[in-house]
Amino acid sequence: MKVIIALVVLYIANFATSYYLHKKYVAAQKRVRQYGGVSTARVKGSFRKKGKIVLLAFNEKNETITYGEKFEGITVFSKFKKIEGIEGLTLDEVERKFVDEPVIIQAIQYIKEREKDEDSVKNEEIEQENDIENNIQNKTTV
């Protein structure tokens, strides 16, 4: 019976800390979202290694980072902290400056992939519009 009670207590503690961390993450995401589009990346930690989460706000027009926060730690008492020296840098400059931070590089790669996906969707829409126009022209000439 004591084992079951201990397991229930551990389960509740796990749920409480997960909920607490989730609230921190949502609050940080709202904060960062005020500065532009948001890219998120994470590196999972282990028992002795720190886990990291990065939130980067970026300007889609000129491909610059407008703000960034990083969560790094092992315990629930860790906090999101502003990344110093990242504001105003282009995506390529961030990759060069933070080469030793794989989680930041990962967030930059997500931004670049997003841009490629948006470009391919725009190209497909243009091709569809051209196909429609060609079909209309072909029908009117027949």
Side-chain angles (χ1 to χ4, degrees), residues 1-140:
M1 185 69 176
K2 290 181 182 181
V3 173
I4 293 174
I5 293 172
L7 289 175
V8 169
V9 169
L10 288 173
Y11 181 77
I12 291 171
N14 184 31
F15 177 79
T17 56
S18 296
Y19 181 75
Y20 179 68
L21 286 173
H22 179 71
K23 284 186 72 162
K24 277 186 179 181
Y25 175 76
V26 169
Q29 199 169 30
K30 284 181 183 178
R31 236 184 354 260
V32 173
R33 193 175 305 263
Q34 295 173 355
Y35 295 93
V38 177
S39 177
T40 304
R42 76 177 178 104
V43 172
K44 195 171 184 178
S46 63
F47 185 68
R48 294 184 192 154
K49 188 177 176 185
K50 293 180 181 180
K52 296 178 186 180
I53 300 173
V54 167
L55 301 170
L56 295 179
F58 61 96
N59 184 337
E60 296 177 23
K61 293 179 184 173
N62 58 4
E63 297 182 351
T64 58
I65 301 299
T66 54
Y67 185 75
E69 287 191 13
K70 180 170 68 170
F71 179 88
E72 181 177 17
I74 298 173
T75 69
V76 295
F77 303 112
S78 302
K79 297 179 182 179
F80 277 92
K81 296 179 184 171
K82 181 179 175 184
I83 300 171
E84 297 296 329
I86 200 167
E87 292 91 4
L89 298 178
T90 65
L91 301 180
D92 294 330
E93 291 172 339
V94 171
E95 282 184 318
R96 285 191 299 273
K97 184 174 181 179
F98 294 95
V99 71
D100 58 335
E101 290 281 350
V103 69
I104 293 176
I105 302 300
Q106 184 181 9
I108 296 297
Q109 294 302 320
Y110 290 154
I111 294 171
K112 288 182 175 181
E113 288 174 14
R114 180 176 181 247
E115 290 172 358
K116 288 179 188 176
D117 290 342
E118 287 177 357
D119 289 343
S120 65
V121 168
K122 287 178 186 176
N123 289 338
E124 287 177 14
E125 289 174 356
I126 292 170
E127 288 176 10
Q128 288 175 354
E129 289 174 7
N130 290 339
D131 289 342
I132 292 170
E133 290 175 7
N134 289 338
N135 289 338
I136 292 171
Q137 288 176 354
N138 289 339
K139 288 181 181 179
T140 58

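Between His22 atom NE2 and Phe15 atom CZ the span is 10.0 Å, to the nearest 0.5 Å. Note: Ile108 CD1 to Glu63 CD = 10.0 Å, rounded to the nearest 0.5 Å. The CD1 atom of Ile104 sits 6.5 Å away from atom CG of Leu56, with the distance rounded to the nearest 0.5 Å. With rounding to the nearest 0.5 Å, the separation of CD1 in Ile111 from OG1 in Thr40 is 9.5 Å. Between Asp92 atom CG and Lys97 atom NZ the span is 15.0 Å, to the nearest 0.5 Å. Atom CD1 in Ile86 sits 11.0 Å away from atom CD in Glu93 (nearest 0.5 Å).
Summarising the local packing, CG of Leu10 is surrounded by more than 12 heavy atoms from other residues, nucleotides or ligands at distances under 6.0 Å.
Pairing each heavy atom of Gly36 with each of Ala57, the nearest pair is N-CB, 4.2 Å. Heavy-atom minimum distance, Gly73 versus Ser78: CA-OG, 3.3 Å. Taking every heavy atom of both residues into account, Glu101 and Lys70 meet most closely at OE2-NZ, 3.2 Å. Glu84 and Phe98 make their closest contact through O-CZ, 3.9 Å (heavy atoms, listed as atom of the first residue, atom of the second, distance). In this structure, Phe80 and Arg31 approach most closely via the heavy-atom pair CB-NH2, 3.9 Å. Nearest heavy atom pair, residue Arg42 against residue Ile53, reads CB-CG1, 4.0 Å.
In summary, Glu60 and Arg114 engage in a salt bridge, as defined by a charged side-chain N under 4.0 Å from a carboxylate O.
When each of Val32, Ile83, Val43 is paired with Val54, the side-chain contact (heavy atoms from CB on, under 4.5 Å) condition holds for Ile83 and for no other.
Panel note: side chain Thr66, backbone Tyr35; a donor-acceptor pair is recorded below 3.5 Å.
Looking at heavy atoms from C-beta onward, Tyr67 lies out of side-chain contact with Leu55 at the 4.5 angstrom threshold. Put simply, the side chain of Glu95 reaches to within 4.5 Å of the side chain of Lys112, judged on heavy atoms.
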